[in-house]
Amino acid sequence: DAGVTQSPTHLIKTRGQQVTLRCSPKSGHDTVSWYQQALGQGPQFIFQYYEEEERQRGNFPDRFSGHQFPNYSSELNVNALLLGDSALYLCASTPGLAGWEQYFGPGTRLTVT
Amino acid sequence: AQSVSQHNHHVILSEAASLELGCNYSYGGTVNLFWYVQYPGQHLQLLLKYFSGDPLVKGIKGFEAEFIKSKFSFNLRKPSVQWSDTAEYFCAVNARYGGSQGNLIFGKGTKLSVKP
């Protein structure tokens with residue numbers, strides 16, 4: 001049973017560029033959440049997708065956007081990258097909005113130079 | 001707004017010592033409580049969770065946590081740590097709204113270093 005997978009593992013971008021990160025949820029899960037984990041900090045919630053719609057959003061600017069596909073996989077897009085966007089981006093999945101236990105992927109390490 | 005506080009940034013213990021990591025949250029409603037662990041180079045894994053019922057919950061690898069509602073606390077304990085417990089530990093909470101849940105709010109984490 002495959003867990004949550006994310007790609008790529010590492011990414012280096014330049015300020016002002018755009019980036020797309022990808023996530024495939026655990027088998028049987030249809031709800032995907034994205035988190036940003038800065039160095040030395042706990043993960044911070046970015047947004048959650050269910051039925052291809054954004055259901056909840058954290059305190060992140062509109063430069064952060066997402067998408068969920070019919071097969072439940074998801075993308076996180078960040079435009080106009082800033083140095084402060086350097087972080088580990090985590091994807092988590094649950095079986096439905098009422099699934100209380102979130103399963104996390106290994107993350108994508110984004111470095112903005 | 002909800003928040004989670006973890007009292008210790010870095011804890012250093014010798015093997016066989018007892019462990020207690022503090023966690024307090026601020027939210028007046030019904031919550032789910034979690035402890036996650038992040039071993040070096042690995043992804044976040046769930047150690048244990050509390051949804052309802054017995055406030056003393058047992059998790060994997062000998063960890064347990066006690067929910068004290070009056071103190072808004074969910075402290076993590078282990079009677080005897082091992083070198084392999086070296087990791088970063090995160091307390092997290094989410095609010096429950098009827099049949100749904102809010103997003104996870106994490107504390108800043110506590111780094112545990114166990115000396116052999």
Side-chain angles (χ1 to χ4, degrees), chain A residues 2-7 9-10 21 23-26 29-51 53-60 64 66 76 87-109, chain B residues 1-10 21-25 27 30-53 57 59-60 74 76 87-111:
Chain A
V4 179
T5 60
Q6 293 185 244
S7 64
T9 306
H10 296 91
L21 311 181
C23 169
S24 290
K26 182 178 168 64
H29 289 187
D30 57 5
T31 304
V32 173
S33 299
W34 287 92
Y35 293 81
Q36 180 195 66
Q37 186 178 11
L39 202 61
Q41 302 292 318
Q44 277 197 291
F45 175 72
I46 302 174
F47 42 54
Q48 179 190 65
Y49 276 85
Y50 173 70
E51 293 187 335
E53 290 187 10
E54 183 181 294
R55 298 291 177 153
Q56 297 183 58
R57 188 178 183 92
N59 188 25
F60 279 81
F64 289 77
L76 164 65
L88 181 67
Y89 288 85
L90 298 169
C91 172
S93 71
T94 54
L97 289 174
W100 294 337
E101 184 175 333
Q102 297 199 24
Y103 291 79
F104 283 83
T108 294
R109 172 72 64 187
Chain B
Q2 300 169 53
S3 65
V4 176
S5 297
Q6 292 185 239
H7 311 308
N8 309 99
H9 178 64
H10 191 185
L21 301 182
C23 172
N24 286 90
Y25 68 94
Y27 181 70
T30 304
V31 295
N32 300 320
L33 297 156
F34 306 83
W35 275 97
Y36 281 87
V37 61
Q38 195 168 33
Y39 296 103
Q42 296 189 28
H43 60 277
L44 274 172
Q45 299 172 42
L46 183 67
L47 259 184
L48 48 79
K49 58 186 183 284
Y50 173 80
F51 294 157
S52 63
V57 293
I60 61 172
F74 190 56
L76 180 71
E88 190 150 20
Y89 293 80
F90 294 93
C91 180
V93 61
N94 65 3
R96 285 161 55 179
Y97 311 105
S100 298
Q101 60 166 345
N103 54 279
L104 276 174
I105 306 294
F106 283 85
K108 290 188 175 183
T110 297
K111 184 177 178 181

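Below, read A as the first sequence line, B as the second, and so on, with proteins coming before strands; counting in each chain starts at 1.
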Legend entry - Most contacts with chain A, counted as non-hydrogen pairs under 4.5 angstrom, among B/H9, B/K111, B/Q6, B/H43: B/H43
Legend entry - Shortest non-hydrogen contact between B/F90 and A/Q41, atoms and distance: CE2-O, 3.8 Å
Inset, instruction - Quick one: closest heavy-atom pair of B/L104 and A/F45, and the distance? - result: O-CB, 4.1 Å
Inset, instruction - Quick one: pull up CZ in B/F34 and CD in A/Q102 and give me the separation to the nearest 0.5 Å. - result: 7.0 Å
Inset, instruction - Using a cut-off of 6.0 Å, state whether more than 12 heavy atoms not belonging to A/L39 lie near its atom CG. - result: no
Inset, instruction - Report yes if the side chains of A/P43 and B/L44 come closer than 4.5 Å at any heavy-atom pair, otherwise no. - result: yes
Legend entry - Per-residue contact mode, B/Q38 against chain A (heavy atom under 4.5 angstrom): side chain
Inset, instruction - Pick whichever of A/A92, A/G105, A/G107 has the most heavy-atom pairs under 4.5 Å with chain B. - result: A/G105
Legend entry - For A/Y49, ring pair (Phe, Tyr, Trp, His ring centres under 6.0 Å) partners two or more places apart: A/F47
Legend entry - Counterpart residues, ring pair (Phe, Tyr, Trp, His ring centres under 6.0 Å), relative to A/H29 (two or more places apart): A/Y103
Legend entry - Gap separating the OH atom of B/Y36 from the CZ atom of A/F104, nearest 0.5 angstrom: 5.0 Å
Inset, instruction - Under 4.5 Å heavy-atom distance to chain B, tell me which part of A/Q44 shows up: side chain, backbone, both or neither. - result: neither
